[in-house]
Structures are given as C-alpha cells and as structure tokens.
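These numbers were taken from a predicted model, which means no experiment stands behind them. Numbering starts at 1 and runs along the sequence shown. We count ligands from 1, going down the list as the structure has it; atoms in each ligand are counted the same way.
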Amino acid sequence: MKPERGRFGPLVGSIDEGTSSTRFLVFAAKTAEVLTYHQVSIPHITPKEGWVEQDPEVILHSVIETINVTCDNLIKLDISPEDIVATGITNQRETTVVWDSVTGKPLHNALGFMAGYRTASTVDQILQNGKRNKNFLKNVCGLPVSTYFSALKIRWLIDNVEGVRRAISEDRCLFGTIDTWLIWNLTGGVNGGLHLTDVTNASRTMLMNIDTLKWDPQLCKIFDIPMSILPEIKSSSEIYGYISESVLKGIPISGVSDQQAALVGQMCFHQGQAKSTYGTGCFLLYNTGTAIVQSSHGLLTTVAYQLGKDAPPIYALEGSIAIAGVAMQWLRDNLGVIKNVTESMDIAQSTGEVGEVYFVPAFSGLYAPYWRKDARSVICGLTEETKPGHIVRGALESVAFQVRDILEAMALDCGYPLQKLLVDGGMTANNFLMQIQADYCGIPVVRPLMSETTSLGAAMAAGNAKGVEVWDLDNVQPVPSDCFIPSITEDQRDIRYSRWKMAIARSLDWVEDRDDENTGKLEKLRSKY
Ligand SMILES: Nc1ncnc2c1ncn2[C@@H]1O[C@H](COP(=O)(O)OP(=O)(O)O)[C@@H](O)[C@H]1O
Ligand SMILES: O=P(O)(O)OC[C@H](O)CO
C-alpha cells in the first residue's frame, strides 16, 4: 500500500557528497529531524604517491544509489517520498572534474582537494619560481596560491591531459566542482543538463572575484583557463533546476554549499560566530558578516553563504586543515594499528598520561595557517615505551592542535579570542578528541546531538528557496548539545602546545619549496649535514 501523504508535513532532502562518503538524508521541515538516510563509501584512487583521485561516475552513482535506498527506507517507514519538496547539495569543495559535454563522460578522474604532490609544480609555475609571493592574488580571490584550490588542478589537467586540451579546442569541455558535476547530471546531463555552481563553491576555485562574486577575467588569464568551461555562478539558495530522472523526478535542487553550509546548520548567522567541521579534513569558519576580512595570519577569506539571489553575501574567515579523519583511515589501512576508526578513541585513551608522542600528519604539506607544501609528516618523541596507542593518540591530538593553531590565527585577525567552539562532522563522535579539543584550546566545545549540521544547512538553504522553512527559525529552541569543558591547567596546555610547535618546525623544509621565502634553505641544510 502507498504511504499516506503529509504525515510529517513537507520533507527536504540533502545530498551530502563528502570526500569519504556520500549520504542522502531526508529532514522533516518543521522539526529538522532526520527521518532516514543512506550512506555509501567512496574509494580514493592513488595512481602515484600523493595523487588523490576519485571516479566522478562512481560519485554520481553513489548519489543515485543513496537517493533510491533512502526513498525505499521512507516507504518502509510509511512515509511518502512524494512529500519531498526540494533537495539541497552539500559537497566536498575544491575537488575538480572536467567532462565532455557531448558524451557526458569525465575526461579524467576527479582531482581530490588534498592532492598536494601533483600540483606542486603548477604552483611554482604560477608563482614564477618564487618571483611572486603566494599571497599575490589574495586581495582579489581571498586565497593564497596553493595546491588546494581548483584553478591549480584545472591548469594541471590542461597541461597534462591531451583529451582535456582537445575538448577545450572543440568547445566540449566543462569544468565543475562536485556540486556542478552532480547538478549537470541530475538535471539531464547530455540532454540539457544545467551547468551551474554556487557562490561558496566558486569562492574555492581561485577564479572568482570575492567582491563582485563573478568569474574574474584577470584571474582566468593568470591561470590561463578559458572562461568558456566555467559554470554559471548562483546564490546558495535558489532553484537551480529540476531532477530529470529517478524517484525524485521533478523535485528542485535549490540549495548548494559545503563546509559553509554547516555555518547555516549550526545557526551561526551572526558576525563573530564560528564552527569547526571534523570530517576527512577539518574546516573552521568564522562569520565576518558582510565584511570581506583579509587575514594577515594564514586564514582564507571565503563566501559563507548567500541565501537568495538578491540577498547580500555573508563572508567568513576559514582555517582549512587537510588531514583530520583521513589520518584515522591511514592508521587503519596503512599501519593496521586500529581495526576501525571508532576504536581510535579507546586505544588513545588507554595510553594514559605517559609517553607523549607528537604526530604532524603533513602527508602532502600543511594547509592553514602554514601553507607549506614543503612540509612532510613527522612523529616525534618516540621512546622504547612507545606503543601503537601513542601514535593513535598523537594523530587525534594533531587535529586538536591544528584547530588551536587556527584559533590563534583567528584571534590575531579578529582582535579577540573565540569564547566557545561549535563542532560537527563524523569525527566529532570521538569523545576523546572532543575533550582534548576543549583542553588544548581552553574553551568549551559544544557538539549538537544531531551532528549532520552540514546536511541540515544545505536542506535549510533548499527549503528557503521553495518557501519551506526547515526548522521554525523564529521559535527555535536551544539546540540540544553535549558540552566538553577544559580540564587541564593553563601550564599543562601551554607545555603541550609548545611541543606541538616544535614538532611543526621539524616537519618543515622537508622537500624543496621554491615559492617559499626560505628558498635555498634546503640547500644550506644539505651542505650542513
Ligand atoms: N569515532 C571516530 N573517531 C575518529 N575518526 C572518526 C570517527 N568516526 C569517523 N571518523 C573519521 O571521520 C571521517 C568521516 O567523517 P565525515 O564527516 O563523514 O567526512 P566527509 O564529509 O569528509 O566524508 C573519516 O575520515 C573517519 O575516519
Ligand atoms: O569531505 P568533506 O565534506 O569534509 O569536505 C572537504 C572540504 O570541502 C574540502 O575543502
């Protein structure tokens, strides 16, 4: 029997395409409750050391699969999928896809956001081997020149993949971050798919002017990227188009964003509010309101959200950490010291207070606030007492310390320290990490009981564009949360943090970094040892 319509009122879907997995969640608009969801893992492909790729078609199929299974789950719960009125997309950001508009086929695997090695020489090329400072475009796009951002990945693809050059010359090449790839396919693909992105994703390419919110011809010229391959930029909350096939046929896609969506999901609508999302990487965003604040301490300036095409853009300062939860996957898959990522909590806890080990997971350099592609991982402080648990603990502590690095930079840029940290994302299930985060930053860490705030933010944006409020924002009760309170002394905190800084110093200058102001340092080191 068909489920009865309207049991929970209007429903809003959220496609959450992260670096490690894809989920489709369905929210009851009135209560923002997750009614059901389905999740599938997305494999990383590493054809060479440090070259992280994913298959765009696997990503697309994972989205379709999660939509289908979630809708089946709804029916089993006697809820009608026909109650879904809109869907949002929240996605891994800088990850870059290029495809052929005629065949619909990708021209290469997607280049992952943390693929540092591959584009290192592209960075050197743009910086003219150290003649330009890495911040030379920051005033225009808010970002330093780094392997992280899409423009470098597009440039690499044009330089290295013949099929991409040919498709450009034949005017068949389309570029997109994952949101764009999904929207194009879900709205029809080769049969009229729409080539669109949202302003928050566009702000991570290095090609959008942070002030005008348009593709910047000067930036495109510097990277030598044809503007014809770029999607149209929309706000984070408007009707992008309608899903052309599947059980959601006819439903509008009407909200798009990623880490920035968690700011919305965490209700950080006011200047001065911040959240940190702990997933594959970790991303701390601080709402700066309508002001474009340029950091002097290694943070990015990015668009936080624009909730409607005529709404003012709201900006954020961001600290991006490349390696967070993925370090747990590395401990599991490469070192075999944990059987699953959840186990990391008990193993780390079991080490007690003895045997401090500091682990800087700079697998392909360090992102904020260091921006050092010459850094590589180090594990310091090993003794004959060191056990695998100490390494696991060191990996979890590295996330907490990197977040402190970012909070220090934010306090310098903003003039005052943050009073509490709102957190979300898969890794926040780890209570040990949450406690040491509070300990090492010296402020309370507040974790909502519903940790899917990124998806919620995308659903809120999608509902907003359809005139359906997800969560009654006028009557919103305090979000039920757990709070972790600092439990170590200032002295203990400072000693640990200064050792972390020593470990960071040891991770730098490991490979040659021509764009860095310390050019030649490596040569000096070589002659010294
Ligand atoms: N209990 C846990 N302890 C430590 N890390 C965890 C735990 N649960 C999940 N993770 C890590 O969090 C990441 C998944 O979080 P998620 O928010 O789904 O990431 P993404 O959105 O980047 O795909 C994985 O890298 C995983 O290793
Ligand atoms: O995989 P996620 O969801 O943690 O997102 C990755 C970031 O968007 C990269 O900037």
Side-chain angles (χ1 to χ4, degrees), residues 14-23 25 37 39-44 52 54 59 62 66 89-96 110-116 143 146-150 153 177-179 198 200-201 203-205 256-263 265 276-285 300 302 316 318-334 338-349 361 363 367-368 392-393 395-400 423-437 447 451-455 457-458:
S14 188
I15 297 167
D16 183 345
E17 203 302 295
T19 317
S20 299
S21 71
T22 299
R23 284 178 284 246
L25 303 91
Y37 75 96
Q39 175 169 13
V40 298
S41 300
I42 305 291
H44 290 181
V52 186
Q54 288 180 324
I59 291 176
S62 74
T66 54
I89 297 180
T90 172
N91 60 289
Q92 47 172 317
R93 296 172 292 183
E94 304 76 13
T95 298
T96 294
L111 304 194
F113 82 87
M114 55 188 159
L143 311 171
S146 158
T147 57
Y148 184 19
F149 304 110
S150 312
K153 302 179 198 299
T177 39
I178 296 296
D179 55 317
D198 99 295
T200 63
N201 274 287
S203 76
R204 318 298 297 195
T205 57
V256 178
S257 183
D258 180 40
Q259 297 303 328
Q260 290 91 324
L263 266 182
S276 186
T277 300
Y278 300 69
T280 310
C282 181
F283 305 92
L284 203 154
L285 280 105
L300 311 178
T302 196
E318 175 178 319
S320 324
I321 298 168
I323 306 293
V326 71
M328 298 299 119
Q329 293 162 237
W330 180 78
L331 292 171
R332 180 194 62 198
D333 302 338
N334 294 34
I338 50 176
K339 284 200 279 306
N340 55 63
V341 297
T342 317
E343 205 181 63
S344 60
M345 180 167 92
D346 290 341
I347 292 189
Q349 236 151 10
F363 292 142
Y367 286 1
V392 175
R393 183 181 174 128
L396 288 170
E397 292 193 325
S398 76
V399 179
V423 299
D424 51 64
M427 221 189 170
T428 61
N430 192 311
N431 287 346
F432 174 78
L433 171 63
M434 296 296 95
Q435 185 56 53
I436 58 173
Q437 187 66 86
R447 176 182 67 186
S451 66
E452 300 295 350
T453 37
T454 314
S455 306

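Among all protein heavy atoms, the one lying closest to atom 8 (O) of ligand 2 is Asp258 OD2, 2.4 Å. Closest to atom 5 (O) of ligand 2 among all protein heavy atoms lies Gln259 NE2, 3.1 Å. In terms of protein heavy-atom proximity, atom 1 (O) of ligand 2 is nearest to Thr19 OG1, 2.4 Å.
Taking each heavy atom of Ala458 and Thr90 in turn, the nearest pair found is CB-CB, 3.9 Å. For the pair Thr95 and Ala110, the tightest heavy-atom approach, listed with the atom from each and the gap, is CG2-CB, 3.9 Å.
A search for salt bridge (charged side-chain N to carboxylate O under 4.0 Å, His left out) contacts involving Glu318 returns Arg93, Arg204, not counting sequence neighbours.
Contact check for Arg332 versus Lys339: no side-chain heavy atoms found under the 4.5 Å cut-off.
Of the N and O atoms on the side chains of Thr66 and Thr22, not one donor lies less than 3.5 Å from an acceptor on the other residue. Side-chain atoms of Ser150 and Glu94 form no donor-acceptor pair, as typed in the model, at a separation below 3.5 Å. Tyr37 and Glu452 form no side-chain donor-acceptor contact under 3.5 Å, judged by distance and modelled atom types alone. A donor and an acceptor atom, one from each side chain of Thr177 and Asp179, are located under 3.5 Å apart. Side-chain contact annotation: Ser41 with Ser21, donor-acceptor N/O pair under 3.5 Å absent. Residues Thr454 and Asp16 bring no donor and acceptor atom of their side chains to less than 3.5 Å of each other.
Near ligand 1, heavy-atom contacts under 4.0 Å come from Gly18, Thr19, Ser20, Ser21, Arg23, Gly279, Thr280, Gly325, Val326, Met328, Gln329, Val341, Thr342, Ser344, Gly425, Gly426, Met427, Asn430.
The ligand atoms of ligand 2 that sit less than 4.0 angstrom from a heavy atom of Gly18 are 1 (O), 3 (O). Every atom of ligand 2 with a heavy atom of Tyr148 under 4.0 Å away is listed here by number and element: 9 (C), 10 (O). Distances below 4.0 Å separate heavy atoms of Glu94 from the following atoms of ligand 2: 9 (C), 10 (O).
Residue Arg93 has at least one nitrogen or oxygen atom sitting less than 3.5 Å from a nitrogen or oxygen atom of ligand 2, judged on distance alone.
At a heavy-atom distance under 4.0 Å, no atom of Arg204 approaches ligand 2.
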